Visitor: 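I am attaching a structure below and will ask some questions about it afterwards.
Everything quoted here is computed from the prediction, not taken from an experiment.
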Amino acid sequence: MALAAAFALGGCSGYSPGNSVPAFDAAPTPSSHASASTAPEDTPAPGSFDEFSGPAGSQPDPAHWVQQTGGGGWGNHELQTYAATNGVLDGKGHLAITATMGPGGTAPYTSARVTTHGKASFGYGTVSARIKFPDGGSLLPSFWMLGSDVDTVGWPQCGEIDVVEAPIDTHRTTHYVHGPEVGSPTANVQAGEVVMHEQPMSSAFHVYSVTRSPGHVVISVDGRVATDLTPESAPSNLQWVFDGPFDIVLSMAIGGSTPAPTASSATSATMLVDWVRYAPAS
């Protein structure tokens with residue numbers, strides 16, 4: 001089954017006042033708890049998964065990442081064809097995922113999608129990424145996770161955690177989980193929040209994290225809680241499938257769940273990933 005991070009707007013909210021991330025959140029310096037309008041100044045820390053060091057144009061570490069390539073809509077009627085050449089290191093310590101299209105928003109449409117599936121999966125603890133998103137009315141840049149059993153149980157039974165999606169305009173980010181409906185394993189149920197930002201998230205790097213413990217998923221932005229879910233607080237028809245191993249996906253889609261490109265669309269936009277880190281639960 002083709003899989004993609006679904007985009008659907010729910011009720012908007014700001015950060016949960018007074019909430020903090022659980023103690024084993026991956027926050028190497030206090031600056032990761034800054035407001036979403038500031039850029040965290042983070043340095044490499046123990047537990048780092050990938051700092052994306054390497055020469056410009058090289059592929060991300062094949063010990064960690066797999067390029068998922070091809071077209072076909074990816075479950076959301078998306079326009080892009082994913083190509084390995086669109087997801088490469090920039091030589092400055094970043095993974096650069098670049099979406100391109102023809103003049104006037106026309107085809108061809110290309111982008112990249114990389115995953116740890118088959119290379120590394122992640123259990124309880126915190127997975128974080130420091131990312132600078134582009135703006136673009138037809139773009140869906142995303143940092144998300146899929147249950148590692150996706151090949152055997154399918155989606156949405158495997159579970160999906162959208163740590164962050166930044167569709168259309170980065171003054172708004174979405175933070176959802178997706179899982180099967182109780183009694184109907186092929187039906188998708190989502191839960192989570194939309195967060196509004198005073199400054200566009202495209203103006204600087206920000207740290208996006210998911211912290212998981214048994215029966216608990218917390219998604220945070222720069223150390224501040226965006227979505228906090230347990231089986232009790234989630235919709236009653238959502239089957240809880242978020243306690244197993246999950247894989248990381250970094251991608252940028254074009255069109256489909258977001259509006260199609262127009263004559264004013266930029267012909268190129270890049271999502272920069274500074275690092276990905278994992279802090280296992282103690």
Side-chain angles (χ1 to χ4, degrees), residues 2-5 24-28 32 40 42-70 74 80-99 110-133 141-153 155 158-165 205-212 242-253 270-282:
L3 301 174
F24 53 86
D25 181 58
S32 66
D42 293 302
T43 55
S48 176
F49 179 70
D50 203 325
E51 301 290 326
F52 300 114
S53 301
S58 61
Q59 290 289 309
D61 188 347
H64 292 163
W65 304 98
V66 174
Q67 295 271 6
Q68 293 184 312
T69 59
W74 294 90
Q80 80 286 339
T81 295
Y82 286 129
T85 51
N86 288 63
V88 297
L89 305 185
D90 68 355
K92 301 177 182 179
H94 308 123
L95 170 64
I97 293 179
T98 300
T110 64
S111 190
R113 168 168 157 157
V114 299
T115 177
T116 65
H117 185 58
K119 300 290 185 175
S121 59
F122 301 84
Y124 295 137
T126 297
V127 176
S128 300
R130 188 171 187 261
I131 302 172
K132 185 177 182 182
F133 286 124
S142 306
F143 161 39
W144 51 298
M145 302 185 77
L146 279 174
S148 301
D149 58 355
V150 59
D151 292 338
T152 56
V153 304
W155 184 92
C158 65
E160 174 179 324
I161 301 171
D162 299 333
V163 186
V164 60
E165 296 179 314
F205 282 93
H206 295 276
V207 177
Y208 305 93
S209 304
V210 57
T211 298
R212 290 191 299 138
F242 309 106
D243 285 330
F246 272 68
D247 305 326
I248 296 171
V249 187
L250 297 163
S251 63
M252 184 153 59
T270 299
M271 165 181 162
L272 292 175
V273 186
D274 189 18
W275 46 250
V276 174
R277 295 177 183 161
Y278 174 53
S282 56

Visitor: For S148, what residues pass the side chain to side chain contact (heavy atoms under 4.5 Å, CB included) criterion, not counting sequence neighbours?
Guide: S121, P245, D247

Visitor: Considering non-hydrogen atoms only, spot the tightest contact between G54 and L89 and give its length.
Guide: CA-CD1, 3.7 Å

Visitor: The criterion is side chain to side chain contact (heavy atoms under 4.5 Å, CB included); which residues satisfy it with T85, sequence neighbours excluded?
Guide: A83

Visitor: Does the pair V66 and K119 meet the rule for a side-chain contact (heavy atoms from CB on, under 4.5 Å), with working shown?
Guide: CA-CA 8 Å; V66 174; K119 300 290 185 175; 3.7 Å; yes

Visitor: Could you tell me the separation between the OG atom of S209 and the CZ atom of R277, rounded to the nearest 0.5 Å?
Guide: 10.0 Å

Visitor: Considering residues at least two apart in sequence or located in another chain, which fulfil the ring pair (Phe, Tyr, Trp, His ring centres under 6.0 Å) criterion with Y208?
Guide: F133

Visitor: Among all residues two or more places apart in sequence or in another chain, which pass the side chain to side chain donor-acceptor pair (under 3.5 Å) test with S251?
Guide: W144

Visitor: At their closest point, which heavy atom of M252 faces which heavy atom of Y82, and how far apart are they?
Guide: O-CE2, 3.6 Å

Visitor: Which pair of heavy atoms, one from C158 and one from L146, lies closest together, and at what distance?
Guide: SG-CD2, 4.1 Å

Visitor: Within this structure, what is the CE-OG1 distance for the pair M145 and T115, rounded to the nearest 0.5 Å?
Guide: 9.0 Å

Visitor: Which heavy atom of Y278 sits nearest a heavy atom of Y124, and at what distance?
Guide: OH-O, 3.0 Å

Visitor: Side chain to side chain donor-acceptor pair (under 3.5 Å) with D61: which residues, sequence neighbours excluded?
Guide: none

Visitor: If I take atom CZ from residue F246 and atom CG from residue D149, how far apart are they, to the nearest 0.5 angstrom?
Guide: 8.0 Å

Visitor: Would you give the length of the straight line joining atom CD1 of I131 to atom CG of L250, rounded to the nearest 0.5 angstrom?
Guide: 6.0 Å

Visitor: Checking F143 now: which residues fulfil ring pair (Phe, Tyr, Trp, His ring centres under 6.0 Å) with it, not counting sequence neighbours?
Guide: none

Visitor: Can you find a pair of side-chain heavy atoms, one from R212 and one from I161, that are under 4.5 Å apart?
Guide: yes

Visitor: Side chain to side chain donor-acceptor pair (under 3.5 Å) with T110: which residues, sequence neighbours excluded?
Guide: N86, T100

Visitor: So, for S111 and I97, which heavy atoms are closest and what is the spacing to 0.1 Å?
Guide: OG-CG2, 4.1 Å

Visitor: From R130 CZ over to F52 CZ, what is the distance, rounded to the nearest 0.5 angstrom?
Guide: 13.0 Å

Visitor: Which value, rounded to the nearest 0.5 Å, describes the distance between F242 atom CZ and E160 atom CD?
Guide: 9.0 Å

Visitor: Work out which heavy atom in P141 is nearest to a heavy atom in M271; give both atom names and the distance.
Guide: CB-SD, 3.8 Å

Visitor: By side chain to side chain contact (heavy atoms under 4.5 Å, CB included), which residues pair with Q67, not counting sequence neighbours?
Guide: Q59, P60, T69, A84, A112, V114

Visitor: Taking side chain to side chain contact (heavy atoms under 4.5 Å, CB included) as the test, write out the residues that go with D90, two or more places apart.
Guide: K92, H94, A96, L272

Visitor: Does any part of the side chain of T116, heavy atoms only, come nearer than 4.5 Å to the side chain of F122, both counted from C-beta?
Guide: yes

